[in-house]
Amino acid sequence: MPRVRKRPAGAARPDKEGPAGKRTNTEKPGEASAKVGNSSLQETSASRDRGKNLSSCWLMKSEPESRLEKGVDVKFSIEDLRAQPKQTACWDGVRNYQARNFLRAMKLQEEAFFYHSNCREPGIAGLMKIVKEAYPDHTQFEKNNPHYDPSSKEDNPKWSMVDVQFVRMMKRFIPLAELKTHHQAHRATGGPLKNMALFTRQRLSVQPLTREEFDFILSLEEKEPS
DNA sequence: GCCAACGTTGGC
DNA sequence: GCCAACGTTGGC
């Protein structure tokens, strides 16, 4: 279920959801375990550094190659984002509490890496930014949507999404394998990627990065592939 | 509230 | 297509 996917057809409908002020705080007991900053997330260095008015950086995964889920193609690449009106889309389909809580922590204008997953060449393809903070993910109520959640009620939606806007492609694609090489080296040397969530929280589709992680990855653009 | 069974993620 | 990692479900 918690496929990250985005669908081109689900493109941003920023004004469809009504008053944006309705962020529900009334979580069910089972959901509380995934709160941002709780003990289960303390291990990522990014979550430690947040909460001090520092703007956060993010990494968000999406599948760039076609794959059918309940008969619907869940492909959504950075090229697909760039092709949207205003180069903007809603990031729907997140069905994991930790990932959802990170979506809810995102602030306007924060930057996120667009990560290509489950594909021939996984890695970071480009940059986007948050242009609308968390609001209810409409796909949870759509019976024919692959991410339909019959347990979610309209008056208390479980799942959230944000709107993202394309910023730019990476100057060069940064492959997962290269990031992993640095991660492993940094575990020994104490370098910036030593705790990167991509490796320490393997399956999390929306994840925070520290400024140091973010800047280090940007610096890789200027280097030859390693 | 434990924990085995199950389902999903996503690299390889 | 395989399968390890790991989140979720549900019986007890």
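Not measured: the values here are computed from a predicted model. The basis for the numbers below is simple: all heavy atoms, side chains too, and nothing from hydrogens, waters or symmetry mates.
- Going from atom CZ of A/R203 over to atom P of C/dA5 covers 11 Å, rounded to whole Å.
- The side chain of A/K61 sits closest to B/dG10 out of B/dG10, C/dT8, C/dC6.
- When distances run from any side-chain atom of A/K180 to the nucleotides B/dG11, B/dG10, C/dT8, the shortest one goes to B/dG11.
- The side-chain heavy atoms of A/M60 and A/V162, taken from C-beta on, include a pair separated by under 4.5 Å.
- By the 30° and 60° cut-offs, the orientation of the rings of A/H116 relative to A/F114 is perpendicular.
- If you take OH of A/Y115 and P of B/dG10, they are 8 Å apart, rounded to a whole angstrom.
- Separating the CG atom of A/L204 from the P atom of C/dA5 is a distance of 17 Å, rounded to the nearest angstrom.
- Put simply, CZ on A/R67 is 10 Å from P on B/dG10, counting in whole angstrom units.
- The side chain of A/Y97 contributes no N or O atom lying less than 4.0 Å from OP1 or OP2 of C/dC6.
- The distance from atom CG of A/L176 to atom P of B/dG10 is 11 Å, rounded to the nearest whole Å.
- One atom, CG of A/L198, and another, P of B/dG11, lie 8 Å apart when rounded to the nearest Å.
- Of the residues listed (A/E224, A/E178, A/E221), the one engaging A/R172 in a salt bridge (Lys or Arg N to Asp or Glu O under 4.0 Å) is A/E178, and it is the only one.
- Considering only the side chain of A/R201, C/dG7 comes nearest among B/dG10, C/dA5, C/dG7.
- Neither side chain, A/D163 nor A/W91, offers a donor N or O lying under 3.5 Å from an acceptor on the other.
- Taking atom CG of A/D149 as the reference point, atom C1' of B/dT8 lies 15 Å away to the nearest angstrom.
- Residue A/F76 contributes atom CZ, which lies 19 Å from atom C1' of B/dG10 at whole-angstrom precision.
- Taking every side-chain heavy atom of A/S117 into account, B/dG10 is the closest of B/dC12, B/dG10, C/dG7.
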